[in-house]
Participant: 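Dropping the structure in here first, questions after.
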Number of protein chains: 2
Amino acid sequence: MDEKHKSRPASVPPSPNERPTLKTIAFMTGLGITTVSRALKDAPDIGAETKERVRLVAAQVGYHPNRAGVRLRTGKTNVISLILSLEEEFIGLTSPMVVGISEILAATQYHLVITPYSARSDPLDPVRYVLDTGAADGVIISRTEPKDPRVALMMERNFPFGTHGRTEMGHVHPFHDFDNERFAYDAVRMLVERGRRRVMLLHPPPSLTYHMHMRTGFERGLRDFGATSVPFNTVDLDNSLADIRAACEAVMRAPGAPDGVISGSGGGAVALVAGIEAAGLKLARDVDMVSKQSNDFLQWLRPEVITLREDFRLAGRELAKAVIARIEGQPSAELQTLSFPVLQN
Amino acid sequence: MDEKHKSRPASVPPSPNERPTLKTIAFMTGLGITTVSRALKDAPDIGAETKERVRLVAAQVGYHPNRAGVRLRTGKTNVISLILSLEEEFIGLTSPMVVGISEILAATQYHLVITPYSARSDPLDPVRYVLDTGAADGVIISRTEPKDPRVALMMERNFPFGTHGRTEMGHVHPFHDFDNERFAYDAVRMLVERGRRRVMLLHPPPSLTYHMHMRTGFERGLRDFGATSVPFNTVDLDNSLADIRAACEAVMRAPGAPDGVISGSGGGAVALVAGIEAAGLKLARDVDMVSKQSNDFLQWLRPEVITLREDFRLAGRELAKAVIARIEGQPSAELQTLSFPVLQN
DNA sequence: TTCAAAATCTGTAACGATACAGTTGTCTTG
DNA sequence: CAAGACAACTGTATCGTTACAGATTTTGAA
C-alpha cells in the first residue's frame with residue numbers, strides 16, 4: 001500500500017504546515033537547493049528569469065532563512081550585543097539607547113541581544129564571552145575608559161564594535177560621543193552670564209574618559225569667562241543620590257559656597273537641587289544650575305534649572321549604524337560621530 | 001613531506017586555537033563524539049567514571065555547546081524575547097524590567113533578545129514573527145489587554161509566554177501583575193485620611209486590562225471612604241505630558257476642582273504637579289496627591305506627593321522565572337504572581 | 001560452559017544553509 | 001566543424017549537535 005520510506009529523495013514534497021526552507025522552494029520551482037540559495041543572494045551565475053521566479057515563490061510562501069542554519073555554516077550570527085551594566089543608576093540612561101539601536105536594527109536582519117554584567121564582576125567578562133562563544137557579530141559598550149581593556153581586546157581580535165564614549169590609546173575605532181567639553185564650557189558661560197562666579201561641578205567618575213573632557217571644558221570656561229571653581233570632589237555621578245545630596249548640602253552651608261552649579265547628569269541634578277534646598281537656598285535666586293538632561297522630569301519640576309540635552313536615542317542610532325557599517329568592512333575612521341548639547345526649550 | 005590531506009579522519013587533532021567542540025573533547029578523551037555528548041548530558045547509559053572524565057576535560061578546555069548547532073538540531077533557541085514598544089513614554093517603565101529579566105537569565109543558558117515594535121504597527125506582528133521564525137523559546141509581553149490577541153495566538157500555538165498584566169479571556173497563562181485595584185483603593189483612603197473628599201484619577205488607557213482594575217479600586221475606595229469623583233476623562237497615561245498638564249490645569253481652575261489627585265504613574269504625576277501649580281495651587285496645602293512611582297525623582301523634588309512604589313525590576317524577575325518554568329513544562333496556574341503597592345519611605 | 005541480558009560505547013543521518021567543484025548545454029571562433 | 005568559452009544550473013561535503021539504531025563487552029543466571 002505505502003511507498004518506500006527508507007530515505008526521503010530530494011523530490012519529496014515538504015509538508016505544508018512547516019516552516020518553508022530552501023528545500024520547499026526548490027521543490028516548488030523544480031530547481032536545486034543550491035540554485036535557490038544562490039538565486040536569493042542574487043549571485044551572478046543564476047539567470048535573471050530564474051532569480052525572479054525564485055524570489056516570487058519565496059515571498060509567496062513567506063520564506064525566512066533559518067538563522068541557526070546560516071549561523072552554523074557561515075558563523076554569521078546576525079546579532080548585535082549591547083553590553084549593559086545592571087546597576088540601576090545607569091540603566092535609566094541606557095534605556096533610550098536601546099530604543100535608538102532597535103530603530104536601526106528593525107530595518108535589518110540583526111537582532112539585539114542584551115548582555116549584562118554587574119558592577120561586582122569584571123567588565124571584561126561579557127566581552128570575552130561574546131568573543132569566545134561568537135555570540136554576536138558586533139558589540140556596543142558604554143562607560144568607556146581612556147585605557148579601556150575591552151577596546152584593547154576587541155581591537156586585538158579585530159572584532160567589530162562601537163563605543164559610547166571615546167578612548168585614548170591611539171586605537172582608531174567607531175564611537176559616538178557627546179561633546180562633554182563643550183557642555184561644561186557652555187555651562188560655565190551661561191552661569192557667568194547670570195552673574196555667577198563661584199562654580200561647582202558634579203563630575204563623572206574619574207575612571208571614565210568623559211570625566212577629563214568635562215573637566216577640561218569646565219576649566220577652560222572658568223578661565224575664559226572669569227569664574228572660579230569650588231571644589232566638589234568627595235562625590236561623583238556614580239555615588240548614590242543620597243550621598244550627592246548630603247555632600248551638596250554641606251558645601252552649600254560652608255563658607256565660600258558656590259553660586260553656580262553644574263551637573264553632569266539629570267539624576268545628579270535632582271540630588272543637587274535637593275541639597276541646595278536643604279541648605280535653605282533657592283534656585284535662580286541664590287544659586288543657578290546647569291544640568292545635562294535626557295528626559296523631561298527635571299524641566300517640569302524645576303524649570304529654573306537650565307538644561308542642556310544629551311540625546312541618548314540618537315546615540316543608539318549612531319552606534320547601531322556604526323557597528324553595522326564596521327561589520328560590513330567600512331573603515332573605523334569614518335564611523336566616529338559627536339553630538340552637541342542642545343538648550344532645552 | 002606532508003601527510004595525506006584528502007579527508008580528515010575522525011582522529012585528526014582539532015587545531016588548538018579554535019573553539020573547542022565535542023570533537024575536541026572526543027579526541028582528547030579518546031571517546032566517540034556521541035559518548036561525549038551524552039556524558040555531558042548525564043545520560044544513564046554512560047559510565048560514571050567516563051562522565052567525570054569528560055566533564056573534567058570539558059571544563060578544562062572551556063567547552064560551551066555551539067548554540068547554532070543545538071538550535072539547528074533540536075529547535076531549542078535558548079532565547080527569551082522581550083517584546084517592547086519603542087514609544088518613549090513606555091520605555092522608562094520597561095527598562096528596570098530588563099534589569100530584572102537579565103538578573104534571572106544570567107544564571108541560565110538563556111539570552112535576552114529585544115523584539116521591538118512601534119505604535120504605528122500591529123502589536124501582533126512581533127509575536128507572529130517569533131512564532132513563525134521560531135526566534136525564541138519564550139516571550140514576555142507588556143501592555144496587556146482584556147481580550148489580548150497576542151495571548152490568544154500564543155495560547156493557540158501552545159507557545160510559552162508570560163504577560164506583565166492580566167487578561168480576561170478565561171485562558172490560564174503565566175503573568176505577573178501589580179495590584180492596581182489595591183493601589184487605587186489605598187490611594188483614596190490616604191487622601192480621605194488627609195481630609196480630601198473630591199478626588200480625581202489619571203487613569204491608564206481604557207484598552208489595557210489594568211485600567212479596569214484601577215477604576216474598580218478607585219470606585220470602591222470612593223464608596224468605602226466616602227469621597228466623590230471629579231471626572232478626568234479627556235486624557236490618560238498614554239497622552240503626552242504636555243496634554244496631561246494642560247488638562248489638569250483646566251480642571252484645577254474649573255469650579256468644583258478636586259482636592260485630591262491620584263496618578264497611575266510617576267511620569268503622569270510630574271505633569272499633574274505642573275498642572276496643579278500652573279493653576280496657582282499648592283501641593284499638600286490645596287491639593288494632596290498619591291502617585292504610583294518606580295524611580296526616586298518625584299520623591300526628591302516633590303516630597304509632598306505620597307508615593308506608592310511599583311517594582312518593575314521585581315516584575316522582570318518574576319516574569320523571567322515564570323517563562324522559564326513554563327518552557328520546562330510547569331503548569332501555568334502555578335506561575336501567576338501579584339505584587340503590592342509599597343509606601344515609599 | 002553457554003548465552004541472554006545489561007552496561008557501555010559508537011557510527012550514521014539528519015537539522016538548514018552555503019562553499020566549492022563540477023556538469024550540462026549553448027555559443028563563438030578560427 | 002572541432003573546441004574552447006561561457007552561461008546556467010547542481011551534487012556533495014560541511015558547520016556542531018543529537019536521535020536512533022546498532023555494536024561490543026561484561027555480567028550473571030542456568
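We name chains A, B, ... by the order of the sequence lines, and we start the count at 1 in each one.
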Participant: Output the rounded distance in Å from CG (Leu22(A)) to C1' (dA19(C)).
Facilitator: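 Those two atoms, CG and C1', are 14 Å apart.
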Participant: Checking all strands, does Thr74(A) fall into the base, sugar-phosphate, or nothing category for heavy-atom contacts under 4.0 angstrom?
Facilitator: sugar-phosphate
Participant: Find out whether His164(A) and Met97(A) are in side-chain contact, i.e. whether some heavy atom of one side chain is under 4.5 Å from a heavy atom of the other.
Facilitator: yes
Participant: Under 4.0 Å, counting only non-hydrogen atoms across every strand here, what does Gly69(B) touch: a base, just sugar-phosphate, or nothing?
Facilitator: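 Touches a base.
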Participant: With a non-hydrogen cut-off below 4.0 angstrom, is Ile33(A) in contact with a base, only sugar-phosphate, or nothing?
Facilitator: base
Participant: Using only side-chain N and O atoms of Ser37(B), determine if any of them is under 4.0 Å from OP1 or OP2 of dT17(D).
Facilitator: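 So the side chain of Ser37(B) is outside the cut-off, no N or O lying under 4.0 Å from OP1 or OP2 of dT17(D).
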Participant: Between Arg313(A) and Asp311(A) (salt bridge meaning N to carboxylate O under 4.0 Å), is one present in this structure?
Facilitator: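 Looking at Arg313(A) and Asp311(A), the cut-off is not met.
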Participant: Applying a 4.0 Å non-hydrogen cut-off, can you work out what Thr21(A) is touching in the nucleic acid: base, sugar-phosphate, or nothing?
Facilitator: sugar-phosphate
Participant: Using whole Å, report how far CZ of Arg73(A) lies from C1' of dC20(C).
Facilitator: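 Nearest whole value for this atom pair: 9 Å.
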Participant: Tell me what Pro65(B) touches on the nucleic acid: a base, only sugar-phosphate, or nothing, going by heavy atoms under 4.0 Å.
Facilitator: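 Sugar-phosphate contact only.
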Participant: Between dT10(D), dG16(D), dC9(C), which one does the side chain of Leu31(A) approach most closely?
Facilitator: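 Taking heavy atoms from C-beta onward, the closest nucleotide is dT10(D).
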Participant: What I want to check is whether the side chains of Thr167(A) and Asp148(A) have a donor and an acceptor closer together than 3.5 Å.
Facilitator: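 No, no side-chain donor-acceptor pair sits under 3.5 Å.
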Participant: Answer yes if the side chains of Thr337(A) and His176(A) hold a donor-acceptor pair under 3.5 Å, and no otherwise.
Facilitator: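 Thr337(A) vs His176(A): donor-acceptor pair found between side chains.
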Participant: Round to a whole Å and report the spacing from CZ of Arg67(A) to P of dG16(D).
Facilitator: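 Roughly 19 Å, once rounded to whole Å.
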Participant: What is the distance from NZ of Lys41(B) to P of dA19(D), rounded to the nearest Å?
Facilitator: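 Interatomic distance, NZ of Lys41(B) to P of dA19(D): 7 Å.
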Participant: Starting at CZ of Arg38(B) and ending at P of dC9(C), how long is that distance when rounded to a whole Å?
Facilitator: 11 Å
Participant: State plainly whether the residues Arg19(A) and Asp132(B) are in salt-bridge range, i.e. N to O under 4.0 Å.
Facilitator: no
Participant: Among dT18(C), dA17(C), dA8(D), which is the nearest nucleotide to the side chain of Asn66(A)?
Facilitator: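 Minimum distance to the Asn66(A) side chain belongs to dA17(C).
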Participant: Would you indicate which nucleotide in dC9(C), dC9(D), dG16(D) comes nearest to any side-chain atom of Thr50(B)?
Facilitator: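 Of all the options, the side chain of Thr50(B) is nearest to dC9(C).
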Participant: Provide, to the nearest angstrom, the distance between the CG atom belonging to Asp42(A) and the P atom belonging to dT18(C).
Facilitator: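 Distance, rounded to whole Å: 14 Å.
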Participant: Would you indicate what Thr34(A) reaches in the nucleic acid, counting non-hydrogen atoms under 4.0 angstrom: base, sugar-phosphate, or nothing?
Facilitator: base
Participant: Please report the distance, rounded to the nearest Å, between NZ in Lys23(B) and P in dT12(C).
Facilitator: 14 Å
Participant: In whole angstrom, give the distance that lies between atom CD of Glu49(B) and atom C1' of dC9(C).
Facilitator: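 These atoms are roughly 14 Å apart.
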